[in-house]
Amino acid sequence: MSLIETSSLGKRFNDTEAVKQLNLSVREGACTALLGPNGAGKTTTLNMLTGLMKPTEGTIQFDAAYEGDRRNYLGYLPQYPKFFGWMSGEEYLIFAAELAGLPKKQAKISASEMLELIGLQDDGKKRISGYSGGMKQRLGIAQALVHSPKLIILDEPVSALDPIGRREVLELMKRLKTHTSILFSTHVLHDAEEVSDDIFIMNKGTVVIEGSLRELQQTHQKPAFFLETEKSPEEWLHTLKEQDWVVDWELDHHRLMITVDNMEKARANLLKDEHLHELKLVKFEVAKTSLEDLFMKVIS
Ligand SMILES: Nc1ncnc2c1ncn2[C@@H]1O[C@H](COP(=O)(O)OP(=O)(O)O)[C@@H](O)[C@H]1O
Ligand SMILES: [Mg+2]
């Protein structure tokens with residue numbers, strides 16, 4: 001059983017269908033990415049899962065083992081977390097732990113364990129107002145973890161960070177995923193590729209592609225050739241399209257990406273193609289379509 005399963009989940013704000021017919025399943029022990037452009041409905045989805053927003057349609061089912069108040073086994077970091085700058089990191093975590101229902105003594109212990117986990121043990125007594133973006137975001141993840149939840153839900157945890165902060169938070173997520181299930185949203189494919197096991201690509205309120213990262217890579221990364229010519233290859237393209245080994249092509253001025261189904265056959269045919277040579281080849285490279293191509297296709 002999954003930790004969370006949604007069935008035809010939907011949320012409407014007046015005229016806007018922010019989320020529609022959403023079927024999502026979050027596996028225990030996995031790091032799941034909700035990937036999609038701005039406005040895809042990620043935040044709305046996560047808000048419904050955490051209970052902050054009521055769905056207008058569909059259902060959300062939690063693993064039967066965790067019935068009851070879902071706050072006990074969920075931790076949540078919103079897209080725009082607010083901190084009290086005058087508090088120290090340690091005070092903030094004790095405060096969060098007490099809010100989550102831990103007795104004072106336990107809250108203190110948990111806070112110091114969390115500071116260690118996120119690598120802020122030496123900065124725990126400093127005021128949050130002096131923290132960098134990456135430190136604040138790590139603190140935000142720690143507050144989601146203080147009550148040892150089963151699943152943490154992070155809404156765009158790295159989007160607002162500079163490259164160093166991004167790296168800090170992605171590394172923390174990689175360490176966390178070995179013992180906590182994670183569901184996070186992002187609009188950056190690269191982040192999803194780096195840390196997640198499962199990916200749900202969302203566009204316009206619904207899931208358009210889903211699968212494990214490996215499955216998606218295997219299914220969607222196809223062999224390809226990248227060619228650049230001095231003369232325009234537009235006319236030559238007409239004969240190329242007829243070839244049975246050509247799957248897809250994309251022309252950008254004198255640059256041509258040809259996706260093929262058989263690398264060797266394609267290579268042999270291209271190299272002996274006299275018309276191609278007449279176009280004066282500048283570049284001839286073996287390439288691979290990436291998940292980026294798939295992502296751009298499904299969200300456009
Ligand atoms: N409280 C709200 N009232 C009205 N429209 C909203 C509200 N929250 C989100 N929306 C709309 O729902 C859509 C999805 O938004 P959101 O879930 O924030 O997307 P994402 O997090 O993927 O960027 C957008 O079109 C947004 O304008
Ligand atoms: Mg959002």
Side-chain angles (χ1 to χ4, degrees), residues 1-13 17-36 40-81 96-103 106-107 110 114 117 140-157 172-186 192 195-202 205-213 215:
M1 165 79 193
S2 316
L3 278 179
I4 300 182
E5 244 170 65
T6 73
S7 171
S8 307
L9 194 65
K11 179 75 187 178
R12 175 182 280 281
F13 301 105
E17 260 193 303
V19 174
K20 57 195 171 204
Q21 293 294 318
L22 186 92
N23 299 317
L24 192 72
S25 102
V26 179
R27 283 192 300 127
E28 182 158 12
C31 180
T32 306
L34 207 53
L35 170 68
K42 305 179 297 294
T43 297
T44 306
T45 301
L46 298 182
N47 281 340
M48 289 192 280
L49 298 181
T50 52
L52 288 170
M53 227 176 231
K54 219 171 135 70
T56 38
E57 266 168 84
T59 55
I60 304 172
Q61 186 155 16
F62 290 89
D63 186 322
Y66 308 110
E67 265 175 11
D69 192 339
R70 69 179 82 159
R71 284 177 301 185
N72 293 333
Y73 59 91
L74 291 184
Y76 174 55
L77 175 66
Q79 183 165 3
Y80 305 106
E98 286 184 328
L99 276 184
L102 268 64
Q106 191 53 45
S110 178
M114 286 305 122
L117 180 72
I141 293 178
Q143 68 70 37
L145 280 168
V146 275
H147 57 304
S148 313
K150 200 76 202 151
L151 172 72
I152 51 169
I153 296 182
L154 313 173
D155 196 358
E156 304 252 11
L172 173 62
M173 287 171 70
K174 279 188 205 165
R175 271 189 286 130
L176 290 179
K177 70 182 230 183
T178 58
H179 48 88
T180 311
S181 309
I182 302 176
L183 170 64
F184 77 105
S185 72
T186 176
V195 290
S196 65
D197 304 300
D198 294 345
I199 299 186
F200 289 84
I201 302 183
M202 274 186 90
T206 200
V207 170
V208 280
I209 289 199
E210 61 177 273
S212 69
L213 177 61
E215 268 166 26

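Since the structure is predicted, the reported quantities are computational estimates derived from the model, not experimental observations. Worth knowing before you read on, the calculation uses all heavy atoms, side chains too, and leaves out hydrogens, waters and symmetry mates.
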Leu49 side chain reached by Ile153 side chain, heavy atoms, under 4.5 Å: yes

salt_bridge(Lys177, Asp197) N-O dist < 4.0 Å: yes

Stepwise side-chain contact (heavy atoms from CB on, under 4.5 Å) test for Glu210 and Asp198: CA-CA 8 Å; Glu210 61 177 273; Asp198 294 345; over 6 Å; no

Close side-chain approach of Leu183 to Leu46, heavy-atom, < 4.5 Å: yes

Euclidean distance, Glu28 CD relative to Thr180 OG1, rounded to 0.5 Å: 10.5 Å

Straight-line distance of Lys20 NZ to Leu9 CG, nearest 0.5 Å: 13.5 Å

From CZ (Phe200) to CG (Leu24), nearest 0.5 Å: 4.5 Å

Validation row: Arg71, His147 side chains within 4.5 angstrom (heavy atoms): no

Taking every non-hydrogen atom, the tightest pair across Ala144 and Ile152: O-CG2, 3.7 Å

All side-chain hydrogen bond (donor to acceptor under 3.5 Å, both in side chains) counterparts of Arg175, not counting sequence neighbours: none

Side-chain (Thr6) to main-chain (Leu22) donor-acceptor, under 3.5 angstrom: yes

pair Asp155-Asn47: side-chain heavy atoms closer than 4.5 Å: no

Selection residues 47-59 - residue pairs positive for salt bridge (Lys or Arg N to Asp or Glu O under 4.0 Å), sequence neighbours left out: none

Any Phe184 side-chain heavy atom under 4.5 Å of Ser196 side chain: yes

Distance-minimising heavy-atom pair for Ser2 and Asp63: O-CB, 3.7 Å

Over all atoms of both residues, closest heavy-atom pair of Pro157 and Met173: CG-SD, 4.0 Å

For Tyr76 against Gln143, the heavy-atom pair lying closest together: O-NE2, 3.1 Å

Inter-residue atom distance Ile141.CD1 - Leu176.CG, 0.5 Å rounding: 6.5 Å

Under 3.5 Å: donor-acceptor pair, side chain of Ser110, backbone of Val146: yes

Side chain proximity check, Pro149 to Leu74, heavy atoms < 4.5 angstrom: no

Greater than 12 external heavy atoms within 6.0 Å of Lys150's NZ: no

Taking every non-hydrogen atom, the tightest pair across Asn23 and Ser7: OD1-CA, 3.3 Å

Spatial distance of atom NE2 (His179) from atom OG (Ser148) [nearest 0.5 Å]: 10.5 Å

Reported CD1-to-CZ distance for the pair Ile4 and Arg70, which is rounded to 0.5 angstrom: 8.0 Å

For Tyr73, side-chain hydrogen bond (donor to acceptor under 3.5 Å, both in side chains) partners two or more places apart: none

Least distance between heavy atoms, Ile199 atom then Ala192 atom: CD1-CB, 4.0 Å

Pro55 side chain reached by Ile60 side chain, heavy atoms, under 4.5 Å: yes

Any side-chain heavy-atom pair of Glu156 and Lys42 under 4.5 Å: yes

